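Below is one structure, written out as structure tokens; the observations come after it.
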Number of protein chains: 2
Amino acid sequence: MITVNVDLGDRAYPIHIGSDLVGKTELFAPHIAGSSVMIVTNTTVDPLYGDALRGALAPLGKKVSTVVLPDGEVHKNWETLNLIFDALLTEHADRKTTLVALGGGVIGDMTGFAAACYMRGVPFIQVPTTLLSQVDSSVGGKTGINHPLGKNMIGAFYQPQAVIADIGALSTLPGRELAAGVAEVIKTGAIADAAFFDWIEANIGALNRCEPEALAQAVKRSCEIKASVVAADEREGGLRAILNFGHTFGHAIEAGLGYGEWLHGEAVGCGMVMAADLSVRLGHLDEAVRKRLVAVIAAANLPTRAPALGDARYMELMKVDKKAEAGAIKFILLTRLGNTLITTAPEDIVHATLAATI
Amino acid sequence: MITVNVDLGDRAYPIHIGSDLVGKTELFAPHIAGSSVMIVTNTTVDPLYGDALRGALAPLGKKVSTVVLPDGEVHKNWETLNLIFDALLTEHADRKTTLVALGGGVIGDMTGFAAACYMRGVPFIQVPTTLLSQVDSSVGGKTGINHPLGKNMIGAFYQPQAVIADIGALSTLPGRELAAGVAEVIKTGAIADAAFFDWIEANIGALNRCEPEALAQAVKRSCEIKASVVAADEREGGLRAILNFGHTFGHAIEAGLGYGEWLHGEAVGCGMVMAADLSVRLGHLDEAVRKRLVAVIAAANLPTRAPALGDARYMELMKVDKKAEAGAIKFILLTRLGNTLITTAPEDIVHATLAATI
């Protein structure tokens with residue numbers, strides 16, 4: 001087991017990474033202070049890992065309940081969130097009740113937001129079961145739900161007590177979801193660590209084959225990088241925005257197609273292709289680097305061509321991005337491997353990128 | 001104009017108290033950094049003070065929008081909150097958009113929660129137009145909405161940029177709402193400042209007649225006391241719970257009758273009578289002090305007899321109070337004027353209090 005510490009002062013927490021962790025009582029024990037625990041999971045994950053988690057919690061002598069939500073990004077909304085509140089209130093959960101998120105990014109984001117809001121804040125633990133959530137959404141405290149007019153528009157910055165990333169859980173992950181996670185791994189290398197990007201290129205086959213050593217290394221390095229960015233900028237005042245490389249276009253794809261049509265990681269994969277194209281067009285990035293990036297995205301079995309939503313729709317959707325200010329879209333561009341630039345772009349150049357990548 | 005500063009480090013903010021403040025541009029100017037403002041108000045308050053506020057904001061050259069919500073505690077729910085999110089997204093509000101809450105506690109709590117959650121946090125200003133919100137709900141950063149199973153169960157601790165408490169706005173306040181505000185003034189004196197409690201007894205007539213000097217003094221001293229309590233315990237780890245004197249019973253009354261049947265302040269007024277009865281029964285409080293408290297509550301035209309919900313229902317409702325732990329109800333009791341004690345109580349004594357006060 002490897003542990004990465006996220007250094008956020010009195011909100012610091014550990015990320016434990018390894019095989020067969022979901023059943024380890026000793027990883028949960030230090031983080032559950034109250035007398036009850038509410039597991040939040042979904043219809044897909046509960047049959048796979050729910051019993052192992054309940055088995056790990058049983059020796060602690062707490063009251064353990066489970067709320068099982070419908071699976072999928074399309075359910076990341078208020079109605080589903082409210083199922084968690086209903087369960088908490090029905091079970092008389094109090095301010096010391098610990099929520100445990102067992103599932104992917106949607107479960108983690110909704111459970112974290114429920115924890116942030118229930119009685120104005122209760123503790124929670126993340127047990128991410130997808131690669132995407134292990135490398136990305138369980139690190140950094142971003143929680144929330146979607147609104148019909150924009151993704152993750154309603155939420156909170158709220159840190160977990162601990163993250164327990166069980167690499168073993170990835171063995172049951174569908175290929176599409178594995179690839180979606182690799183997208184965020186590629187992104188992390190591209191924006192912050194050229195050597196890690198080289199490693200990803202060399203190990204993309206092992207990642208695609210779900211080899212545990214390669215996955216553990218990818219999760220560890222991704223978490224380390226994200227943890228250091230988040231520690232420097234917890235509430236996204238500046239630096240943290242670089243983590244959104246590929247996300248401005250990606251969020252537009254997700255919203256434009258309807259949430260759930262493409263996986264978040266697929267949209268980010270394609271969004272990176274689009275952001276790299278824009279980076280080259282604006283003279284910030286070498287064409288050779290763009291080609292390397294597109295090649296590794298394609299090798300990860302991710303889409304590299306954007307859906308035809310219409311240019312006007314893309315622009316409209318990107319203007320409601322959280323990074324936009326007074327309607328001006330802020331793009332995160334690549335300048336070289338490991339380095340980024342945040343800037344606006346002339347609208348005709350953005351149109352040229354759309355024309356070239358759709 | 002008087003200013004009380006709430007000392008919360010980098011979340012510190014001023015409370016300005018005085019007459020005719022809602023139209024003063026210079027009070028808003030320092031707190032609006034972005035290019036747009038969204039006023040959140042309701043169908044009762046907008047016709048009274050909406051134009052004055054828009055007039056104050058106009059010279060700042062910002063884009064100003066208004067969202068008008070239905071009036072009343074019964075609307076303090078997700079559906080109404082979502083009207084704010086709808087308006088923000090439709091207007092392309094960004095992370096620097098400032099929300100301005102123009103109204104009573106319901107508007108303040110919902111606007112503050114919307115500000116806490118929209119894009120994970122945007123700035124907001126409180127312009128409380130009821131006595132209750134001026135003395136209580138605009139100080140301390142508690143925001144949120146109700147759930148059918150419990151009041152204020154979903155929310156956040158989130159501080160405003162400033163509070164602008166216009167005493168002039170109280171001239172249009174219905175008598176019942178004025179009394180509801182006086183309930184929190186009485187509470188503040190009772191729990192924290194015996195001399196202020198004496199002052200309230202001596203000035204209850206002036207407060208009932210809505211005399212501006214008396215109101216300004218009541219708002220100022222209540223805000224000072226609450227500000228000092230909140231500064232010592234922002235997230236209700238301990239001391240802050242004393243502010244909930246009368247609220248354990250009061251919340252049960254509100255939830256049991258259905259939100260909106262009794263005003264929050266009315267329920268707190270009656271809840272203080274019940275908490276004082278329990279304090280005497282448990283041997284913590286002199287009967288003479290209880291009588292003084294009941295007399296001033298009655299003089300403020302507040303109810304002093306509790307509605308007959310049934311003992312079992314009272315117990316059930318109090319067990320979902322946010323201060324409860326593992327089903328044990330925590331009561332805030334009075335030991336003398338200016339001093340409190342937080343403790344559990346034997347169930348038969350609570351039943352005796354219910355029998356004596358219903």
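All chains are named by letter (A, B, ...) in the order of the sequence lines, taking the proteins before the strands, and each is independently numbered beginning at 1. In this text the structure is predicted, and so the values were computed from the model without any measurement.
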Within the distance-only criterion (no hydrogens, no angle test), does the side chain of Arg120(A) pair as donor or acceptor with the backbone N or O of Thr143(B) below 3.5 angstrom?
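Pair found, side chain donor or acceptor close to backbone of Thr143(B).
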Lys63(A) atom NZ, neighbour heavy-atom count above 12 within 6.0 Å
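Yes, NZ of Lys63(A) has more than 12 neighbouring heavy atoms, counting only those of other groups under 6.0 Å.
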Please indicate whether Lys62(A) has more than 12 foreign heavy atoms, meaning atoms of other residues, nucleotides or ligands, lying under 6.0 Å from its NZ.
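Counting neighbours around NZ of Lys62(A), more than 12 heavy atoms of other residues, nucleotides or ligands fall under 6.0 Å, so yes.
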Can you tell me how far the CH2 atom of Trp78(B) sits from the CG atom of Leu81(A), to the nearest 0.5 Å?
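These two atoms lie 7.5 Å from each other.
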Atom NZ in Lys319(B), atom CG in Asp94(A): separation rounded to 0.5 Å?
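Reported value, rounded in 0.5 Å steps: 13.5 Å.
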Pick from Tyr118(A), Tyr158(A), Phe157(A) with the largest number of heavy-atom pairs that fall under 4.5 Å of chain B
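Winner by heavy-atom pair count: Phe157(A).
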Contact class of [X] relative to chain B, heavy atoms under 4.5 angstrom:
{"X": "Lys142(A)", "result": "both"}
{"X": "Ser35(A)", "result": "side chain"}
{"X": "Ile145(A)", "result": "side chain"}

Minimal non-hydrogen separation, Asp86(B) against Leu149(A), with atom names:
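That closest heavy-atom pairing would be O-CD1, 4.4 Å.
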Is any side-chain heavy atom of Asn82(B) closer than 4.5 Å to one of His147(A)?
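The answer is yes, as the side chains (C-beta and beyond) meet within the 4.5 Å cut-off.
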